[in-house]
Amino acid sequence: MNKPPTPVASNFIRNIIDGDLAANKNDGRVVTRFPPEPNGYLHIGHVKSICLNFGIAKQYGGKCNLRFDDTNPVKENEEFVKAIKADVEWLGFEWDELKHASDYFDELYNYAVELIKQGKAYVDSSTAEEVRSMRGSLTEPGTPSPYSNRSIEENLDLFARMKAGEFEDGEHILRAKIDMASGNINMRDPTLYRIRKVHHVRTGTDWSIYPMYDYTHCISDAMENITHSLCTLEFEDHRPLYDWVLDTLQTPAHPQQIEFARLELEYMILSKRWLKKLVEDGRVSGWDDPRMPTITGIRRRGYTPAALREFCERIGVTKNDAWIEMAVLETIIRDDLNEHSPRRMAVLDPIKVIITDLADDYNETLSFANHPQKEEFGRRDVAFTKEVMIDRDDFSENPPPKYQRLIPGGEVRLRGSYVIKCEEVIKNDAGEVIELRCTHDAATLGKKPEGRKVKGVIHWVSASAGVSAEVRVYDRLFTVPNPGAAESLEATLNPDSIAVHKQCYLEASLADAKPEERFQFERLGYFVADRYEHSKQNPVFNRTVTLRDTWAK
RNA sequence: UGGGCCGUCGCCAAGCGGUUAAGGCACCGGGUUUUGAUCCCGGCAUUCGGAGGUUCGAAUCCUCCCGGCCCAGCCA
């Protein structure tokens, strides 16, 4: 029954590291880092990077740091720092060192002075507009800035005064002097420092200039003795600059940047801009809405850290722009939950069934296995009474072909209980079915009925012994595989991405569930007690995923 | 049209000059089952974007072509 663990697949990054180890590069050390900017919530795309970086370190007996890339104080704050740490920990990883790019502001400044002294950096006093127009285009080379030949002394003086706060935002920038005619636009005298007279969460008002990503990242990696700096494909063009900085300066190390493809998932959107819009427009309840692809949202939906890690292992790491089907994610969470979740019965859209040949006060205690294949999950008692609730779509007056649930005059097994027969259908004035009158076959408890076959089995909850609860049924947020490519995001929103059932009947024991405790509601799917809103008094469950359904509807 | 990168089954993905081209997901059968679940068994690329070439031998090397992605923030 237990599946063998998926073997660790080889990938191009592991191949590179194996080669480095074989050549005894870096003295056999493997050091990676996960470097988020604390400007938003982490999502499943980041999970791929987290699993890759921490996973590589673990597999090779190396280290992995968590480093906040906090070089742009106007976009960053402490709330995100806390949330990111919590997400990484929840995923089951421990960082070796907690770092911030801002830890290196002094070194970064000194290295910049060194570049100026080498004649490799200069202060440009052009406007942003002028800098842009002189950069050229994708097909035309740029033109040198009129400030690129300032003397070293003048550059040193200006840069020191930039640091001292003598100038306002935008008056000057520090640029590397590389090649304005390069085919790679990142090499056309990239900006190293800009003036930002704003408060920084960690350095306060110490600085009025802040280093840019390209200049900061490579040096931060070097300062931490990172061996393999893993990032996404869009940074491929930045690698020459990464290497230029480290080749030009005397840094403690020269890490190797390796790029891999970011995660793309069908029916999801991972762009921060769009996720923000969903939250701001009230399309979801917040960043932790169970439909959101954020780690906090996925967690609230009921996914497990182990499933997310397994997902990353299975999708692999390549340089291909890959679109992963939802089925991959869903299969993995089902496998995990099937293995680890106790079973319960719950009725989401109830119809009352009265078993007419039972006494009004009938109350039988039935013993149910908590897991059909795992004895160690133990058993529980379930009350069977004269009135029970069943789900509305387990009864049909006009059944489709091969329907094997309850129909007028037909029989069906109440799971773990008796076979009942529908004798009478009661409707209200609107013609809606409100009650079914049934009889039961007393000889069918734990036995097959005699002389006939009853194929259908449906779940149920005692009307008097069950507890009422709210159950939120979630589905994908979008109706198209690639909503990001649509003309209008709104038009692709799935109007049925959430269905709240407020009058559900659950087995009584479910009220005692702890927040984030997971169950399989038999025949319905896997559900989790809501992390924030569930309580014994007001049970609230979220559907994580349905059961696999091979019955063509 | 400048620079960088990518094309192996419907979706992922191993493969690194000699293998009958792994594996997972999906799909299609069949069996077990008091969850239309789980589980089990079987099927599913004579072919690696295309065309040439090198070689005894090519998905793996070379050339050209085709298709796709990324880059012109004082964002990361």
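Just so it is clear, the model here is predicted, and its values are computed rather than measured. Below, read A as the first sequence line, B as the second, and so on, with proteins coming before strands; counting in each chain starts at 1.
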On a whole-Å scale, what distance lies between the [atom1] atoms belonging to [N] and [M]?
{"N": "C11(B)", "M": "C44(B)", "atom1": "C1'", "answer": "14 Å"}
{"N": "U20(B)", "M": "U1(B)", "atom1": "C1'", "answer": "47 Å"}
{"N": "A14(B)", "M": "C41(B)", "atom1": "C1'", "answer": "25 Å"}
{"N": "U47(B)", "M": "U55(B)", "atom1": "P", "answer": "25 Å"}
{"N": "A21(B)", "M": "U46(B)", "atom1": "C1'", "answer": "10 Å"}
{"N": "C6(B)", "M": "C61(B)", "atom1": "P", "answer": "12 Å"}
{"N": "U33(B)", "M": "C27(B)", "atom1": "P", "answer": "24 Å"}
{"N": "G3(B)", "M": "A72(B)", "atom1": "C1'", "answer": "11 Å"}

From [options], residue fulfilling side-chain hydrogen bond (donor to acceptor under 3.5 Å, both in side chains) relative to [X]:
{"X": "E411(A)", "options": "K421(A), R452(A), H440(A), K455(A)", "answer": "R452(A)"}
{"X": "R33(A)", "options": "H228(A), H217(A), E224(A)", "answer": "H217(A)"}
{"X": "N370(A)", "options": "R379(A), E376(A), R380(A), Q520(A)", "answer": "R380(A)"}

Non-neighbouring partners of E130(A) that pass salt bridge (Lys or Arg N to Asp or Glu O under 4.0 Å), sequence neighbours left out: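 Partners of E130(A) under the salt bridge (Lys or Arg N to Asp or Glu O under 4.0 Å) test: none.
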Going by the salt bridge (Lys or Arg N to Asp or Glu O under 4.0 Å) test, name the single residue among R175(A), R135(A), R132(A) that passes it with D124(A).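 Result: among R175(A), R135(A), R132(A), R175(A) is the only option passing the salt bridge (Lys or Arg N to Asp or Glu O under 4.0 Å) with D124(A).
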Under 4.0 Å from OP1 or OP2 of [N]: is there any side-chain N or O of [X] that close?
{"X": "N338(A)", "N": "U38(B)", "value": "no"}
{"X": "N15(A)", "N": "G15(B)", "value": "yes"}
{"X": "T331(A)", "N": "A26(B)", "value": "yes"}
{"X": "T550(A)", "N": "A37(B)", "value": "yes"}
{"X": "T191(A)", "N": "C74(B)", "value": "yes"}
{"X": "T139(A)", "N": "G3(B)", "value": "no"}
{"X": "R314(A)", "N": "A26(B)", "value": "no"}
{"X": "R548(A)", "N": "U38(B)", "value": "yes"}
{"X": "R135(A)", "N": "G73(B)", "value": "yes"}
{"X": "R188(A)", "N": "C71(B)", "value": "no"}

So, for [X] and [Y], is the gap between ring centers shorter than 6.0 Å?
{"X": "F105(A)", "Y": "H200(A)", "answer": "yes"}
{"X": "F384(A)", "Y": "Y418(A)", "answer": "yes"}
{"X": "F235(A)", "Y": "Y242(A)", "answer": "no"}
{"X": "Y193(A)", "Y": "Y215(A)", "answer": "yes"}

Assuming nearest nucleotide by heavy-atom distance, tell me which of I315(A) and K448(A) is located more 5' along RNA chain B.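 Checking each residue's closest nucleotide, the 5'-ward one belongs to I315(A).
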Which comes earlier along RNA chain B counting from the 5' end, the contact point of T318(A) or that of N184(A), where each point is its nearest nucleotide?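 The 5'-side residue here is N184(A).
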So what's [N] paired with, Watson-Crick or G-U wobble, going by both distances under 3.5 Å?
{"N": "C74(B)", "value": "none"}
{"N": "A59(B)", "value": "none"}
{"N": "A45(B)", "value": "none"}
{"N": "A13(B)", "value": "none"}
{"N": "C69(B)", "value": "G4(B)"}

With a 4.0 Å heavy-atom cut-off, tell me which residues in residues 38-46 of chain A come close to RNA chain B, sorted by residue number.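 Close to the strand, none.
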Using heavy atoms and a sub-4.0 Å distance, could you list which residues of residues 519-526 of chain A are near RNA chain B? By number, please.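 Q520(A), E522(A), R523(A), in order of number.
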Choose from [options] the nucleotide whose nearest atom is closest to any side-chain atom of [X].
{"X": "I173(A)", "options": "C74(B), A76(B), U34(B)", "result": "C74(B)"}
{"X": "W551(A)", "options": "G36(B), G73(B), C71(B)", "result": "G36(B)"}
{"X": "A327(A)", "options": "C6(B), A72(B), A26(B)", "result": "A26(B)"}
{"X": "E37(A)", "options": "C69(B), A76(B), U35(B)", "result": "A76(B)"}
{"X": "M212(A)", "options": "G36(B), G3(B), A76(B)", "result": "A76(B)"}
{"X": "S137(A)", "options": "G4(B), A72(B), A13(B)", "result": "A72(B)"}
{"X": "R413(A)", "options": "C6(B), U34(B), C69(B)", "result": "U34(B)"}
{"X": "V328(A)", "options": "A37(B), C69(B), C25(B)", "result": "C25(B)"}
{"X": "W323(A)", "options": "G15(B), C12(B), A13(B)", "result": "C12(B)"}

With distance as the sole criterion, is a donor-acceptor pair present between the side chains of D87(A) and Y41(A) under 3.5 Å?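 Per modelled atom types, D87(A) and Y41(A) side chains form no pair under 3.5 Å.
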Please check if any side-chain donor atom of D214(A) sits under 3.5 Å from a side-chain acceptor atom of H238(A), or the reverse.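 H238(A) and D214(A) do have a side-chain donor-acceptor pair below 3.5 Å.
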Looking for any heavy atom pair under 4.0 Å, which part of the strands does H238(A) touch: base, sugar-phosphate only, or nothing?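 Base, at least one base heavy atom under 4.0 Å.
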Name the nucleic acid region contacted by L445(A), choosing base, sugar-phosphate or nothing; use a 4.0 angstrom heavy-atom cut-off, strictly under.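 Base: the residue L445(A), judged by heavy atoms under 4.0 Å, touches a nucleobase.
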If you take atom types as modelled and just measure distance, does the side chain of [X] reach the base of [N] with a donor-acceptor pair under 3.5 Å?
{"X": "R343(A)", "N": "U35(B)", "answer": "yes"}
{"X": "R405(A)", "N": "G36(B)", "answer": "yes"}
{"X": "E325(A)", "N": "G10(B)", "answer": "yes"}
{"X": "Q373(A)", "N": "A37(B)", "answer": "yes"}

Chi-based syn or anti call at G73(B), which uses purine or pyrimidine torsion atoms and a 90° bound: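 It is syn.
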Sidechain-backbone polar pair: R334(A) side chain, T546(A) backbone, donor-acceptor under 3.5 Å: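 Yes; at least one donor-acceptor contact below 3.5 Å.
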Could you check whether D103(A) pairs with R202(A) (Lys NZ or Arg NE/NH1/NH2 to Asp/Glu carboxylate O, under 4.0 Å)?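 Yes.
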